[in-house]
Protein chains: 2
Amino acid sequence: MTIIFSKKCEYGLQACLYLAALNTMEVIPSGEIAKKLKIPKEFISKILQSLTASGLIYSKKGKLGGFSLAKNPNKIKLIDIVTAIDGLELFERCVLGFPNCSPDTPCPVHDKWGELRTKAYQMLTEETLDAFAEKTLRKIKNL
Amino acid sequence: MTIIFSKKCEYGLQACLYLAALNTMEVIPSGEIAKKLKIPKEFISKILQSLTASGLIYSKKGKLGGFSLAKNPNKIKLIDIVTAIDGLELFERCVLGFPNCSPDTPCPVHDKWGELRTKAYQMLTEETLDAFAEKTLRKIKNL
DNA sequence: ATTAAATCGGATATTATAATCTGATTTAAT
DNA sequence: ATTAAATCAGATTATAATATCCGATTTAAT
């Protein structure tokens with residue numbers, strides 16, 4: 001077993017990328033998102049609800065309700081979604097599981113791994129949802 | 001929640017690094033390893049047993065029994081331990097959880113993430129246990 | 001032989017994540 | 001008003017990872 005992001009977070013990222021790719025202001029019901037992404041409706045529904053609470057997603061209740069991004073896709077970074085769902089544990093926790101891993105009391109691989117981790121963090125911080133629109137549509141077509 | 005390696009794997013890496021740092025051919029009982037690393041004895045015991053089955057660790061049964069590395073620390077790569085415990089899922093699975101993520105049908109972040117992943121894999125493949133002996137001893141002293 | 005201390009195998013318990021279910025509430029259209 | 005279709009809140013279930021427990025076996029020393 002090995003995980004980068006929890007399933008919640010994976011699905012959350014998928015859904016946000018999908019909403020960004022649609023490039024519309026209209027809300028999309030969770031059922032349609034689930035169908036397009038081939039993921040469980042109830043589950044993605046819960047995830048979108050929590051992202052709504054975080055302010056990344058806008059939701060409209062009632063008939064003709066659904067979800068949309070709360071802001072322009074070029075204003076939402078990948079790290080925003082990760083932070084909202086999984087938190088920043090990935091970038092703070094020692095990769096070897098040692099307690100108090102820090103520059104003062106580093107674990108054996110602190111430096112080497114830290115470098116990679118920083119790059120991953122930078123990538124997630126630099127990239128916004130709009131950058132992936134085409135690739136997302138192409139991927140979803142092949143699901 | 002976010003994990004790179006499972007706890008099994010973290011502890012397995014810790015234990016192997018510790019055994020390498022001791023720089024001895026004598027076997028060390030799991031109880032002592034657990035005590036030094038401040039991790040559950042029963043758990044690390046099981047993990048070392050499975051690494052014994054994998055051939056990375058040598059075990060001696062009975063009184064005065066215990067565990068040691070099965071080969072010279074400079075012959076054991078970090079990736080060997082990861083592979084034995086967690087497998088290579090981390091380097092094969094789509095980071096966004098999309099199915100069939102490949103150069104043919106890449107996920108939206110396939111290229112950007114793939115680069116980082118390759119570097120992580122290289123690091124784990126290049127580094128052997130002996131390289132971390134001093135750092136390991138220093139870290140364990142502060143546990 | 002007996003004892004002590006260890007690995008080992010298998011079962012069990014605990015905890016966290018993933019997924020589902022149920023019912024309440026909201027809202028648009030008839 | 002009524003109906004239909006959606007979000008939402010909370011409870012429940014299923015599954016996997018983590019951790020512990022127990023007893024059998026092995027081995028060294030007395």
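Below, read A as the first sequence line, B as the second, and so on, with proteins coming before strands; counting in each chain starts at 1.
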When we call it a touch if two heavy atoms are under 4.0 Å apart, what does [X] touch: a base, just sugar-phosphate, or nothing?
X	value
A/K60	sugar-phosphate
A/S6	sugar-phosphate
A/G62	base
A/Y58	nothing
A/S30	sugar-phosphate

Margin query: For B/E126, is there any backbone N or O sitting under 3.5 Å from a side-chain donor or acceptor partner on B/K77?
Written below: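 Absent.
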
Rounding to an integer number of Å, can you tell me how far [X] [atom1] sits from [N] [atom2]?
X	N	atom1	atom2	value
A/I47	D/dA9	CD1	P	15 Å
A/I44	D/dC8	CD1	C1'	15 Å
B/F5	D/dA17	CZ	P	16 Å
A/I39	C/dT17	CD1	C1'	16 Å
B/K41	D/dC21	NZ	C1'	11 Å
A/L51	D/dA9	CG	P	14 Å
B/L48	C/dA6	CG	C1'	13 Å
B/Q49	C/dA6	CD	C1'	11 Å

Check: Does D/dT30 pair with anything, Watson-Crick or G-U wobble, both distances under 3.5 Å, and if so, with which nucleotide?
Finding: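 The answer is C/dA1, by the H-bond criterion.
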
Between [options], spot the one nearest the side chain of [X], thanks.
X	options	answer
B/F43	C/dT20, D/dA19, D/dA9	D/dA19
B/K46	C/dA19, C/dG9, D/dC8	C/dG9
B/K61	C/dT7, D/dC8, C/dA18	C/dT7
B/L64	D/dT20, C/dA19, D/dA29	D/dA29

Check: How long is the span from the SG atom in B/C9 to the CG atom in B/L90, to the nearest 0.5 Å?
Finding: 9.5 Å

Margin query: Looking only at side-chain N and O atoms, does B/T128 offer a donor or acceptor that is under 3.5 Å from a partner on B/D130?
Written below: yes

Next item on the list: Nearest-nucleotide wise, let me know which of B/K63 and A/I28 is further upstream toward the 5' end of DNA chain D.
Entry: A/I28

Margin query: For a 4.5 angstrom cut-off between non-hydrogen side-chain atoms, does A/C16 reach A/I57?
Written below: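 Answer yes - side chains close enough.
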
Margin query: Any heavy-atom pair between the side chains of B/P106 and A/K135 that's under 4.5 Å?
Written below: no

Note to self: It should be established whether B/S59 places a side-chain nitrogen or oxygen under 4.0 Å from OP1 or OP2 of nucleotide C/dC8.
What the structure shows: yes

